[in-house]
Protein chains: 2
Amino acid sequence: MGQKMGFYKRDKIRNYSRENERHRVVIVGAGFGGLWAIKTLTRYPVDICLIDQNNYHTFFPLLYQVAAAELEPEDIAYPVRSIVRGFPNVRFLLAKVNKIDLKAQIIETDVRTVHYDFLILAIGSVTHFFNIKGAKYVYPLKTLEQAIDIRNQILTCFEKAAYEPDEERQKSLLTFVIVGGGSTGVEFAGALAELTYGHMRRDYRNLDFGKVRVILLEAAGKLLPNLPDRLGNYARERLNRVKVEVRFNSKVSEVGPGEVKLTDGSVIRTYTTVWTAGVRGEPALNSWGLPLAPNGKVAVLNTLQIPGYPNAYVAGDLAYLEEGGRPLPMVAPVALQQGVAAGENIVRQISGKPPASFHYNDQGIMAVIGRRAAVAYLFNRFGFTGFPAWIIWLGVHLFRLIGFRNRLLVLTNWAWDYIYYERVVRLILPAKPPSEKHKEES
Amino acid sequence: MGQKMGFYKRDKIRNYSRENERHRVVIVGAGFGGLWAIKTLTRYPVDICLIDQNNYHTFFPLLYQVAAAELEPEDIAYPVRSIVRGFPNVRFLLAKVNKIDLKAQIIETDVRTVHYDFLILAIGSVTHFFNIKGAKYVYPLKTLEQAIDIRNQILTCFEKAAYEPDEERQKSLLTFVIVGGGSTGVEFAGALAELTYGHMRRDYRNLDFGKVRVILLEAAGKLLPNLPDRLGNYARERLNRVKVEVRFNSKVSEVGPGEVKLTDGSVIRTYTTVWTAGVRGEPALNSWGLPLAPNGKVAVLNTLQIPGYPNAYVAGDLAYLEEGGRPLPMVAPVALQQGVAAGENIVRQISGKPPASFHYNDQGIMAVIGRRAAVAYLFNRFGFTGFPAWIIWLGVHLFRLIGFRNRLLVLTNWAWDYIYYERVVRLILPAKPPSEKHKEES
C-alpha cells in the first residue's frame, strides 16, 4: 500500500497542511509497530512524538539469545534517538505512560502530559502467568532486562553448583525448566542446551554434567502449535537429541523457592523457571476505558482503529484482530505491517479519505533449534527443517536487525561462535545481590 | 627475573613436590596482580585457587570509556573461567572474602572456607572519599557496575533536560562535575566532553548546548601531578579547547542532592558528581590484623611479603612499598609486575631459596584526552604530547587488553567511532528506577 501512495497524494497532503496546523501524531512504543509507523509517517508533514520507557528498541526475536549468553544485550538493542535522528519531524520522549484519555486525546506520562490529534498505541504485550501461584519466583523472558536476569541466574547457578557439597541441592541448581513450547520456548531450550552441555563443560571441568537437566514443559500435546505437525515433531526430535527433556500435557500449578509443581502433582526441583508460556495486554488498560478482548488485548476495527475513537489506532501485539476466523499471531511481521498500515490510515484520514482495512501478508514463521537446525514455514505452504531452514532463519534475522553496525557485531559473534564453538558472553553483569527470588523462607 | 628461572630449577621444584604434598596457593583478586601471578605460577606444580567476587576480569585502564559511553562493558571485561581454562592446576571460586586469618592460614568467604599454604592478596583498592559529607550522592568510578551507573546517569540527565521547563534545573541536569585531576579524571573529562559537546548534540537537536558544562575540580595546582609540568600544562590546554572548565585549588567539602559545595564556600548545581580523587585499601582489612600503612594499604617488605607472615604476599594497589623515597603509583604496570614477582618468590620459597626484592621497572605513564590527543611519559625520560602520544597510548592499550576477541571488538568500536564520529553505545541499560541519589528530600 505504501507504494501506491505516490507524489500526487503526498503533495495534496502538504497543501492541506499548509492551510492548517500540522497534525500531531503520538506513537506509544518503540517496538516494531511504532518504528514502522514512524517510517511511514515521517515522509508526510505531520509532527510525530514517540514515547517509550526505554531509550532503545529491542529486537525481540533474538531476545532469547541474550538469555542464553549467546549475544550481548547491545547486539539486539538500538538507541531510539539514533534511529529517529534523521527525521526532523520526530521527537522522542523517554517516559512511562500513566494514563491514556481517549476522549480528551491526552496521554499522561511521568514526565509531562502530551496531547495528540492521532494516536498509535503500540506498547506490545506483557507476560501472562495464567494465575499460577508463586509467579514472583518465575523468570519471564519478555524484556532485555529480564533476559540479562536469566543469563546472570544461569551462570550463577553453575558457579554455586561448582562448590555445592549437598548433591540434591547441586542437582536443583543444575536443573533448568522452561515453560511453554511455542517458538520462544523451543528456541530458548535449544540455545540453553548448547550453552549448558557444550560450552559450560569446558569451564567447569570438575562438575558432573550428568546432573544437568534442561526441561521444556508444554501444556498441550505438541510443540510449535501454529505450525504443521511435521515441523513440531522435527523440533521435538531435535531437542531430544541435544538432551532437552520435552514434557507434553504438563501444566504448572505453582512455583516456589527451589521447585515447580505441576497440576498432576509432580514436583521438579529447580531454581530457574523461565516462563515463555503466554502474553497478554497491559493490565493497566482496564482502567483506561479501552474495549478489551480476551487476554487483555484491545479489540480493534479491521482498520486498526479503536471502536468509537476514529483517530486512535492500535498496532502490534496489543491489537486483537481476527483474520480467516483466527486471531492474528503476536509476531514481529504482524506488528511491523500494522505499524505501516496505521500510519497510512492516518495519512488517508488527513487527506480526507476513509481508512483502509488491514490484511496480514503472511510470509512465514520460523524457529531455530541450536546450531545448524531450524524449522521454517513460508507463505503458509513451504515447510523447511534442518540446515536449509537455519540458513533462511539466519538471513532473515540478520537482514531485519536494525542498524548496520549491530548487524556486523551480531554476525561477528555468530561467526566466532560457529568457528570456535565458544560462547564469549559469560559475564555475570551487573552483579546484583544474590537473587531474592529463591531465598528459602526461614 | 622470570627468564632466569630455567628448567633446572623447575625440575628441582617438581622433585621437591613429588616427595611432598603439592602446595596450595590462594590468590585473592582477578585483577592485573592476581592474573599475572597465576601466569607465573601455573608453570609450576602447585595447586592454585583464584577467588574473586566477580566472574570477570576488568581492564581498569579503559573503565572511564564505559562511563563515557565510548565502550560497551563487555569490551573491557573478560570471563575469568575463560582465562584460566587452559590451566589444569587452577580452580576459580566466585565468592566474597569475609575474613582472612593470617595465623591460621585460612580465608573465610560467603561460599566456603579455604586453607592456603601461600597467599597472594591482590584485591586492589576502593574509592577514598576523604571524609567529605554526602558521599552517597557521589558517583565513584572504580568498578564496571559504577561505570555503567555513570553512563546511565549521564544519558538520563540529557533525556530529562530535553523536557525540563525550569531553566535552572535544566542547567543543573546538564552540568557534570569530575573531582580529581589525575589520569582517570583527565581522561574521563576528555571523553565526557566529546560525548556531550559532540555526539549528544545530534541526538538532542532542540537542546541549548550552551548550557552544558563539564567541570574538572583539582585540589592541587596542576593536572597529572605524577608527570612533568609540561605534560600537565598540555592536558589543561587541551581540555580547555574541548570546553572542559578546569578549576585548580578546588576542594569538595560536601555533596548534596543537586549540588556540590567547595571548601571556599562556592556551590555548583549538578546532579552528576563523578569521583576520581582518591583510592585507599579495603577498610575491612583493619579488623583482619594486617599491618596498615597510610591510606589503609598494607605495608609490605620489599619482597612483597607481609611482615611476620612469610607465606603471605600482597600485590598491586593494596601493597604499600616505597622506591626511591616515594610510594609506588597505583597503576596497572606496578600491579602486573608485582603479581609476577610474588609468584616467583613463592616458587623460590618452595625450592628452598630466599625471596627476592621487588623492583619496579617503570616503562612510562600515559593519559589520553579525547580524539587524537594524549600525553605519554616513557622510561622516566621521554615526554610525548598530541597525536604521537595518542598512537602510543592506543597501541599499548590494545596490546594489553586480555583476549584476542575483545581486542578485535574494541578496535571495531574505535574504528567506527573514528571514521563516523559516532558514539554507538548509548543504551540506558539496565534501566533502573530513577536514581535514588538525587531524590530531593521533602
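In what follows, chains carry the letters A, B, and so on, assigned in the order in which the sequence lines appear, proteins first and then strands, with residues in each chain numbered from 1.
- Remark: side-chain polar atoms of B:Arg205 are paired, donor with acceptor, to backbone N or O of A:Arg85 under 3.5 angstrom.
- Note that CD of A:Glu72 and CD of B:Glu72 are 6.5 Å apart. Values are rounded to the nearest 0.5 Å.
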Could you list the donor-acceptor pairs under 3.5 angstrom formed between side-chain atoms of residues 90-99 of chain A and any protein atom two or more places apart in sequence or on another chain?
none

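- Here CG of A:Leu155 is found 12.5 Å from OH of B:Tyr56. Values are rounded to the nearest 0.5 Å.
- Residue contact with chain A, scored on non-hydrogen atoms closer than 4.5 Å, is absent for B:Asp110.
- Partners of B:Phe176 according to the ring pair (Phe, Tyr, Trp, His ring centres under 6.0 Å) rule, which considers only residues two or more places apart in sequence or in another chain, are B:Phe158.
- Using a 4.5 Å cut-off between heavy atoms, B:Pro88 contacts chain A through its backbone alone, with no side-chain atom that close.
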